Amino acid sequence: ERLKSGQVMPVTPPPTSPACQHRLWPEIDKVVQQQVAMARMGIGECGSGWQLFAEDGEMKMYRREEELDGMVVDPLKAVHVVKGITGHEVCHYFFTPQYRYDWETTLEQMNVLETISDDTLMFMQTHKRIWPASQRDVVFWSHIRKLPNEKDRDGPDIWTVVNNSTEHPDYPANNGKCVRIFLKVCLMCQTRVDPPKDGTPLSRENVSCKITYCSVVNPGGWAPASVLRAVYKREYPKFLKRFTAYIINQTKNKPIMF
Ligand code: 16C
């Protein structure tokens, strides 16, 4: 676009996200870049120690056994390929609060504490109690972003949602019946398109989504290691299967959102 007379060309490019005015922005941008770089690494490249603990069709889940001050903080990395949905759709349903109770089975209550911008929210969640541990809650920012596809400039963009624990003065940790957990989660989605050979229009048959989900959850306080590992071995596969089935169901009669 041409500049009107008297207008000067801006020295810095326009902000890429409206959230960039917020106090948390430097942290958000840094953590998103780090998490995406980690998610992009293959299982073999991430350093040794990834063990496969669950597999179902295309879905594979790996963990590394790690402890911090005697607490289990095993990092998790899951990969899945799902037909008929796009990366933008997967990230949209993961990020948007209105759908969360539909797919998040461990959730007891969710509140949006702050709308930082359209692509960045702050959440407070309480999760179901696991016997014999105390109930857990968590406060985190969540940011959705489209990343340009550097390998294939004409190909679909990569979409990501990063969730990262933060603090909120009105919701101090360990103040009531809940123990505060700390998490770092990255969902990264790449869309693959295989156009029909005969020139017919693209349909959901022609798209699939490669999902990478990485998380580290620190339970924040005592919980028996054996119970914790048994719970996540059951809950992570349940989450990814239920969540992807939900998106397939939600999108089946809707236009494809690239
Ligand atoms: O990433 C996911 N969800 C996002 C939106 O909600 C967000 C939140 C993640 C919270 C994950 C921690 C929840 C653990 C709470 C306790 C589990 C209760 C189980 C109750 C069973 C009756 O990023 C998808 C998250 C999928 C969660 C799978 C469960 C992981 C368990 C990890 C162990 C937590 C330690 C709990 C200590 C008692």
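All figures in this text were calculated on a predicted structure; none of them were measured in a lab. Values reported hereafter were calculated over all heavy atoms of this structure, with side chains retained and with hydrogens, waters and symmetry mates removed.
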Which atom names give the shortest non-hydrogen contact between [X] and [Y], and what distance separates them?
X    : Y    : value
T86  : C209 : C-SG, 3.9 Å
C189 : V90  : SG-CG1, 3.6 Å
L202 : P196 : CD2-CD, 3.8 Å
I43  : W50  : O-CD1, 3.2 Å
T244 : L240 : OG1-O, 2.7 Å
Y93  : Y99  : CD2-CD1, 3.5 Å

Regarding R234 and the six-membered ring of F239, is the cationic atom NZ or CZ under 6.0 Å from the ring centre and inside 45° of its axis?
no
Any salt bridge linking [X] with [Y]? Criterion: basic side-chain nitrogen under 4.0 Å from a carboxylate oxygen.
X    : Y    : result
D119 : K146 : no
K30  : E27  : no
D56  : K241 : yes
R136 : E108 : no
D74  : K77  : no

So, [X] versus [Y]: side-chain donor-acceptor pair below 3.5 Å or not?
X    : Y    : result
E114 : H22  : yes
R63  : Q51  : yes
Y236 : S215 : yes
E89  : W159 : no

Using the rule that Ile, Leu, Val, Met, Phe, Trp and Tyr join whenever any side-chain heavy atoms are under 4.5 Å apart, tell me whether V36 and L76 fall into a single cluster.
no
Taking Y171 as the starting point, is it possible to reach M110 by hopping between hydrophobic residues whose side chains are less than 4.5 Å apart?
no
Are Q135 and H127 close enough, and set up right, to give a side-chain contact (heavy atoms from CB on, under 4.5 Å), and what steps lead you there?
CA-CA 7 Å; Q135 191 172 18; H127 287 263; 6.0 Å; no
Side-chain contact test, heavy atoms from C-beta onward, threshold under 4.5 Å: evaluate it for [X] versus [Y] and give yes or no.
X    : Y    : result
I144 : T160 : no
N206 : P195 : no
L147 : D157 : no

Just one of D137, N218, N174 clears the side-chain hydrogen bond (donor to acceptor under 3.5 Å, both in side chains) bar with R180, so which one?
D137
Can you check whether P224's main-chain N or O pairs, donor with acceptor, with R229's side chain at less than 3.5 Å?
no
